[in-house]
Amino acid sequence: MKYSRLFGRTTRETPADAESVSHQLLVRAGMICQGAAGVYSYLPLGWRVLRNVEQIIREEMDRAGGQELLMPALQPFELWEASGRYVSFGQSLFTVMDRKEHRLALGPTHEEVITDLARRYIQSYRDMPLMPYQIQTKFRDEPRPRGGLLRVREFIMKDMYSFDVDEEALDKTYKTMATAYAAVYRRLGLPAVMVEADSGAIGGKASHEFMVLTATGEDVVIHCDACGYAANAEKARSRKDVRDAAVATEPELESLVEVATPECRTIEEVAGFLKVPAYKTLKAVFYVADREFVLAVIRGDLDVNEVKLQRVLKCTDLRLAEADETSQAGVVAGFASPVGLRDVRVIADDSLLDARNLVAGANREGYHLMNVNLGRDFTVDLVADIALAREGDACPVCGAVLKADRGIEVGHIFKLGTFLSEKLNAVFLDDSGASKPCVMGCYGIGVGRLLAAVVEHCHDEKGIVWPMSVAPYQVHICTLNPDKGNVESVAERLYEDLRRLGIEVLLDDRQMSPGVKFNDADLLGVPFRVTVSPRALASSSVEVKRRDVTQSQLIAVEEAAGRLSQMVRQALAA
RNA sequence: CGGGGCGUAGCGCAGUCUGGUAGCGCGCAGCGUUCGGGACGCUGAGGCCGGAGGUUCGAGUCCUCUCGCCCCGACCA
């Protein structure tokens, strides 16, 4: 490609509305251009990178046993009603009306469609395992797009689905996919970690996310460097035993006492006033779950994890109760507790099972109760782990200290099980002739987000530093003083020779000053830069520089094409 | 949806408080001089000041409504 003909223009100034590094650099390099909130065009350079990323994913999916196909983006709304997932997707589901007033969904994902498709072809256990996938544009009306390509409303996703005969076979497929995902990230030069995750609106039993740890990430990953335990903060567990064992395991239940605690509304205030540690208190938090008023209780030193709570409650909408809602329910904010509370569902964190003689609200303005005990003084409807794991907590596996880091979710795999195949009647006959639902899994990678993650991870103050595996071009030739001597003809010949050798080349043939060309080359991030200039040609050489190192080397003109193609191939193999 | 911010030339911004001929830088076009890290001179093109309504002799500026975009929170590849 001749730069003078390239559609796209670099800019010196960073776009005003770009916050994340990848957003800034991709726009400045002329690789993407925003159309609407969370909607982007890929210009030729960006599109070349995207296709390269796609190709890597495609190769790894094929290697893992996948078969590429293409499903429609327009989906009958009835499928979403049949699966029931139009509820969990809610407002995020884009829908359109056709001319006959028939409602269609713009596919945010394709479990319904693939299950509908698979059930027509899968009849026997001999037809499985089956792993169809596609790379296709998805639509999700996100509440808040952000960070350039990091979170958008229209995006290209690789989505694979697996159909197996039983849980054991699914486990095997799931492992195969995890390995394939790891291979994709490795080829992109991304250090991605696999973490336990919540399956959210997709549904299903178990799921894992692949995270690239960077400060710009939207998610928080809780991880243990000692044993390798890692989980999304939404899902992460931690040990809840109290360090001070003597206090923690008081065997005797003391008798209930009401004490005045004027103006003590928070755990800190109450604990400070009564001179007890926070873990000797009980925290009561009121929520509205799908319009039902519920109470979550947890040991005072812990916080409620709303994702876990939502999962336990099996509700689609969960939010903190507003002040007027709590007072309407007869709750005294700051002095509330489950003791004596009626007609409200109470969910307790399992940290309360071992806790004795806690301080809790007296449900009376200005008073708390001491020596409150679960079972004796109040009962709960449900006990579960609903606590937020935090940095500094003890690892649930090995007990070492947990750390927290931000991460970009670049992949998510799910064990769906049979809930969809049962709803949509995707069944097969096993070897004994019995009819069984297919055991499903699904596996997603956002291609554009992955591209953005590469930029977030691979850049310097000058611009992008593409790994060879996805670079828009492999070699970027800059001519300096193209109208002097034989600069132009040498550059042209090198360009043609490299192309003949199968190398992807960008030739900057513009009439621009050296500074402009070098800065653009750094911004675009092509792995090898070749400078053809009168100075280097004086020694019959061209200058070759790798984007990721500072020094350059001179290579004789006649050897340049051969040496470069060798270097490119080495970088590709690495 | 809650909170905050911003819409003026392709991009980055000033002008809005205090109403009176729409500006600057980059980029773009032409000519010339330059040429190893975003060169310089001269000339020039480019604006429904997001939209609608109102106040006024007069609105980029004041008022009302509306649309869009960004950031922080509740959602996800």
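The structure presented is a predicted model; accordingly, all values stated were derived computationally and were not measured. Labels below follow one simple rule: chain letters A, B, ... track the order of the sequence lines, proteins then strands, and each chain is numbered from 1.
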**OP:** Would you please determine if the base of B:rA77 is stacked by A:Phe155, with stacking meaning a centroid separation under 5.5 angstrom and planes under 30 degrees?
**Re:** yes
Original post:
In the strands shown, is B:rG27 matched to any nucleotide by a Watson-Crick or G-U wobble pair with both distances under 3.5 Å, and which?
Top reply: none
Subject >> Which residues share a side-chain contact (heavy atoms from CB on, under 4.5 Å) with A:Leu302, sequence neighbours left out >> reply: A:Lys240, A:Ile298, A:Arg299, A:Asp349, A:Ser351, A:Ala387, A:Arg390
Subject >> Residues within residues 31-55 of chain A bordering RNA chain B, heavy-atom distance below 4.0 Å >> reply: A:Gln34, A:Ala36, A:Ala37
Original post:
For A:His412 and A:Asp17, take the nucleotide of RNA chain B holding the closest heavy atom to each; which residue's nucleotide lies nearer the 5' end?
Top reply: A:Asp17
Subject >> Evaluation steps, salt bridge (Lys or Arg N to Asp or Glu O under 4.0 Å), between A:Arg510 and A:Asp520 >> reply: CA-CA 12 Å; A:Arg510 299 173 300 168; A:Asp520 278 344; 2.9 Å; yes
**OP:** State which residue, out of A:Arg186, A:Met61, A:Arg187, fulfils the side chain to side chain contact (heavy atoms under 4.5 Å, CB included) condition with A:Ile56.
**Re:** A:Arg187
Original post:
If you check every side-chain atom of A:Asp522, which of B:rG37, B:rC71, B:rC69 has the closest atom?
Top reply: B:rG37
**OP:** Report yes or no: is the cationic atom of A:Arg48 (NZ for Lys, CZ for Arg) closer than 6.0 Å to the six-membered ring centre of A:Tyr473, at no more than 45° off its axis?
**Re:** yes
Original post:
Whom does B:rU33 pair with, Watson-Crick or G-U wobble, provided both distances fall under 3.5 Å?
Top reply: B:rA39
Subject >> A:Glu234 side chain, from C-beta outward: closest of B:rC35, B:rG38, B:rC76 >> reply: B:rC76
**OP:** Return the nearest nucleotide to the side chain of A:Val516; candidates are B:rA77, B:rA39, B:rC35.
**Re:** B:rA39
Original post:
Can you find a side chain N or O atom of A:Arg144 that sits less than 4.0 Å from OP1 or OP2 on B:rC72?
Top reply: yes
**OP:** Both distances under 3.5 Å, Watson-Crick or G-U wobble: report the partner of B:rC75, or none.
**Re:** none
Original post:
Is any N or O donor-acceptor pair between the side chain of A:Asp219 and the base of B:rC76 shorter than 3.5 Å?
Top reply: yes
Subject >> Interface with RNA chain B, restricted to residues 58-72 of chain A and to heavy atoms under 4.0 Å >> reply: none
Original post:
Do A:Ile408 and A:Asp219 come within less than 4.5 Å of each other through their side chains, counting heavy atoms only?
Top reply: no
**OP:** Carefully, step by step, assess A:Leu494 and A:Ile477 under the rule side chain to side chain contact (heavy atoms under 4.5 Å, CB included).
**Re:** CA-CA 9 Å; A:Leu494 180 58; A:Ile477 303 175; 4.0 Å; yes
Original post:
Okay, side chain of A:Arg265, backbone of A:Gly334: is any donor-acceptor separation there less than 3.5 Å?
Top reply: no
**OP:** Can you tell me the distance, in whole Å, between the NE2 atom of A:His23 and the P atom of B:rC71?
**Re:** 8 Å
Subject >> A:Arg311 side chain reached by A:Asp198 side chain, heavy atoms, under 4.5 Å >> reply: yes
**OP:** With the side chain counted from C-beta on, respond yes when A:Gln553 and A:Gln551 share a heavy-atom pair under 4.5 Å apart, and no when they do not.
**Re:** no
**OP:** Assign A:Gly515 to base, sugar-phosphate, or nothing according to its heavy-atom contacts below 4.0 angstrom with the strands shown.
**Re:** sugar-phosphate
Original post:
Any side-chain N or O of A:Gln511 under 4.0 Å from OP1/OP2 of B:rC35?
Top reply: no
**OP:** Return yes if the base of B:rG36 and the side-chain atoms of A:Asn481 contain a donor-acceptor N/O pair under 3.5 Å, otherwise no.
**Re:** no
**OP:** Would you confirm whether A:Glu19, through its side chain, and A:Gly147, through its main-chain N or O, come within 3.5 Å as a donor-acceptor pair?
**Re:** no
Original post:
Should B:rG60 form a Watson-Crick or G-U wobble pair with both distances under 3.5 Å, which nucleotide is its partner?
Top reply: none
Original post:
Using a cut-off of 4.0 Å on non-hydrogen atoms, how would the nucleic acid contact of A:Tyr443 be classed: base, sugar-phosphate, or nothing?
Top reply: nothing
Original post:
Checking A:His459 side chain against A:Val455 main chain: does a donor-acceptor pair fall under 3.5 Å?
Top reply: yes
Original post:
Which nucleotide in the list B:rC35, B:rG36, B:rA77 gets nearest to the side chain of A:Lys484?
Top reply: B:rC35
**OP:** Check whether any side-chain heavy atom of A:Leu451 sits under 4.5 Å from a side-chain heavy atom of A:Leu26, and report yes or no.
**Re:** yes
Original post:
Under 3.5 Å, is there a donor-acceptor pair between the side chain of A:Trp80 and the main chain of A:Gln75?
Top reply: no
**OP:** Could you say whether A:Pro143 or A:Pro482 is positioned toward the 5' end of RNA chain B, judged by the nucleotide with the nearest heavy atom to each?
**Re:** A:Pro482
Original post:
More than 12 non-hydrogen atoms from neighbouring residues, nucleotides or ligands closer than 6.0 Å to CD on A:Glu196, yes or no?
Top reply: yes
**OP:** Tell me which nucleotide among B:rG38, B:rC76, B:rG36 gets nearest to the side chain of A:Glu409.
**Re:** B:rC76
**OP:** Would you please confirm or rule out a distance under 4.0 Å between OP1 or OP2 of B:rA39 and any side-chain N or O of A:Ser513?
**Re:** yes
**OP:** Mind running a 4.0 Å heavy-atom check of residues 527-536 of chain A against RNA chain B and sending the residues that fall below it, in number order?
**Re:** A:Arg529, A:Ser533, A:Arg535, A:Ala536
Original post:
So which nucleotide does B:rC17 pair with, by the Watson-Crick or G-U wobble rule with both distances under 3.5 Å?
Top reply: none
Subject >> Rounded distance in Å - CD (A:Glu461) to C1' (B:rG38) >> reply: 15 Å
**OP:** Sugar-phosphate means primed atoms, P, OP1 and OP2; the rest is base. With that split, encode nucleotides 23-32 of chain B 5' to 3' as B, S or - using protein heavy atoms under 4.0 Å.
**Re:** --BSSS----
Subject >> A:Val152 side-chain proximity, nearest of B:rA77, B:rC70, B:rC72 >> reply: B:rA77
Original post:
Regarding A:Lys138 and the six-membered ring of A:Phe155, is the cationic atom NZ or CZ under 6.0 Å from the ring centre and inside 45° of its axis?
Top reply: no
Subject >> salt bridge (charged side-chain N to carboxylate O under 4.0 Å, His left out) partners for A:Asp141, two or more places apart >> reply: A:Arg153
**OP:** Identify whether any heavy atom of A:Gln136 sits under 4.0 Å from a base atom; if not, whether one sits that close to sugar-phosphate; answer base, sugar-phosphate or nothing.
**Re:** nothing
Original post:
Which one is paired to B:rG47, where only Watson-Crick or G-U wobble pairs with both distances under 3.5 angstrom count?
Top reply: none
Original post:
Just checking A:Asn232: base, sugar-phosphate only, or nothing, at a heavy-atom cut-off of under 4.0 Å?
Top reply: nothing
